[in-house]
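Reviewing the structure listed below.
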Amino acid sequence: MTGFVLASASPARLQVLRSAGLDPRVRVSEVDEDAVAAALPAGTSHEDVVIALATAKAESVAAALIAERAEITADCVVVGCDSMLLIDDALQGKPLTAEVARERWAAMAGRSADLLTGHCVLRVRGGRIERAAHDCSGTRVHFAKPQPEELDAYIASGEPLQVAGAFTLDGRGGWFVDGIEGDPSSVIGIGLPLLRRLLGDVGLSIAELWVGGTQLGSDATA
C-alpha cells in the first residue's frame with residue numbers, strides 16, 4: 001500500500017485531494033521560501049521559480065521522514081506545491097498584510113493574470129527517494145472590480161492575506177473572479193490533471209491511491 005504525504009499546510013490543497021478520493025498525511029516543511037527563491041540563478045523563469053519552491057518543500061519533508069525512519073517511507077509519495085500570481089511580469093506570493101493585499105488588488109482589479117503552481121512528486125521506497133517528477137501548471141484568471149466596501153470587507157476577513165495573489169477561487173475571493181482559462185484545481189493550489197501525470201511518471205496510478213490512500217489517516221505537523 002503506497003502512502004500519500006502532502007508537504008503543505010494549505011487546507012485548500014488538502015480539501016482538493018480529499019474531494020478527489022484521497023486522505024493524505026500532512027507534513028509541513030520548514031523551508032525558507034524567500035531564501036530558496038533568492039538562491040536561484042538570475043534569469044530563472046517564473047515557472048522554474050515555483051517548481052523550485054515546490055521541490056524544496058517536497059525534498060525537505062521526504063528527508064525528514066527518511067531521517068526519522070518513519071514507517072511510511074517503506075513506500076510513499078511526497079507531494080509539494082507552490083503557487084504564485086504572475087502579473088506585470090512579477091511573481092506575487094502571499095501579501096501577509098492588509099496594506100499589501102490592498103495594493104495587490106489595486107493592480108489586479110479588472111485585469112487578467114496567470115496563476116502559476118509548481119508541483120513536485122517524490123516516490124520514496126525503502127527509505128530513499130527512488131524517483132522524482134516535477135512541472136508547473138498555469139491558469140489565466142480574469143478579475144472583477146470589487147466595490148470599495150466589498151474590498152474592505154474582503155481584506156478585513158483575513159482570507160486574502162495568507163494566499164498567493166491575495167485571492168481564492170473556492171472562498172470569498174471567488175465572488176471577484178469573472179472567469180478562468182485552465183484548470184480550476186490548480187488555481188486552488190494543486191492541479192489534479194498535472195498531478196495525475198506526475199504520479200504516472202513515478203510509477204503510480206490514481207486507482208492505486210484511491211484504494212490505498214483512502215485508508216491513511218492524517219497527522220498534521222505544525
Nearest-0.5 Å distance, [atom1] of residue [X] to [atom2] of residue [Y]:
X: Ile190; Y: Ser10; atom1: CD1; atom2: OG; result: 8.5 Å
X: His134; Y: Asp48; atom1: NE2; atom2: CG; result: 9.0 Å
X: Lys57; Y: Cys120; atom1: NZ; atom2: SG; result: 11.5 Å
X: Leu194; Y: His119; atom1: CG; atom2: NE2; result: 5.0 Å
X: Leu6; Y: Arg18; atom1: CG; atom2: CZ; result: 9.5 Å
X: Thr55; Y: Asp82; atom1: OG1; atom2: CG; result: 10.0 Å

So do the side chains of [X] and [Y] get within less than 4.5 Å of each other, counting heavy atoms only?
X: Leu17; Y: Leu195; result: yes
X: Leu85; Y: Arg104; result: no
X: Leu116; Y: Val49; result: no
X: Leu204; Y: Val77; result: yes
X: Thr168; Y: Val177; result: no
X: Asp152; Y: Arg102; result: yes
X: Arg197; Y: Asp135; result: yes
X: Pro193; Y: Ser185; result: yes

With clusters defined by side-chain heavy atoms of hydrophobic residues (ILVMFWY) lying less than 4.5 Å apart, directly or transitively, does [Y] cluster with [X]?
X: Ile51; Y: Leu40; value: no
X: Ile72; Y: Leu122; value: yes
X: Ile129; Y: Val31; value: no
X: Met84; Y: Val36; value: yes
X: Ile180; Y: Ile87; value: yes

Heavy-atom closest pair, residues [X] and [Y]:
X: Ala37; Y: Leu53; value: N-CD2, 4.2 Å
X: Ser60; Y: Glu30; value: OG-N, 4.0 Å
X: Ser186; Y: Ser83; value: O-OG, 4.4 Å
X: Val79; Y: Phe4; value: CG2-CZ, 3.5 Å
X: Leu192; Y: Ala20; value: CD1-CB, 3.8 Å
X: Ala58; Y: Gly80; value: CB-N, 3.8 Å

Criterion side chain to side chain contact (heavy atoms under 4.5 Å, CB included) on Asp201 and Val121, from CA distance to verdict: CA-CA 9 Å; Asp201 289 344; Val121 174; over 6 Å; no
Test your reading of the model: is there a side-chain donor-acceptor pair from [X] to the backbone of [Y], 3.5 Å cut-off?
X: Glu159; Y: Arg172; result: yes
X: His46; Y: Leu91; result: no
X: Ser19; Y: Val16; result: no
X: His142; Y: Arg140; result: no

Full working for side chain to side chain contact (heavy atoms under 4.5 Å, CB included) between Leu199 and Arg123: CA-CA 9 Å; Leu199 288 168; Arg123 182 74 184 271; over 6 Å; no
Check ion pair Arg125-Glu130 (N to O, under 4.0 angstrom): yes
N-O pairing of Glu33 and Lys94 below 4.0 Å: no
Glu149 CD: over 12 foreign heavy atoms closer than 6.0 Å: yes
Side chain to side chain contact (heavy atoms under 4.5 Å, CB included) assessment of Leu96 paired with Leu161: CA-CA 4 Å; Leu96 301 179; Leu161 308 188; 5.8 Å; no
Distance flag, aromatic centroids of Phe176 and Tyr154, threshold under 6.0 Å: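 Between Tyr154 and Phe176, the centre distance is under 6.0 Å.
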Test side chain to side chain contact (heavy atoms under 4.5 Å, CB included) applied to Arg13 and Val26, step by step: CA-CA 10 Å; Arg13 289 188 180 115; Val26 174; over 6 Å; no
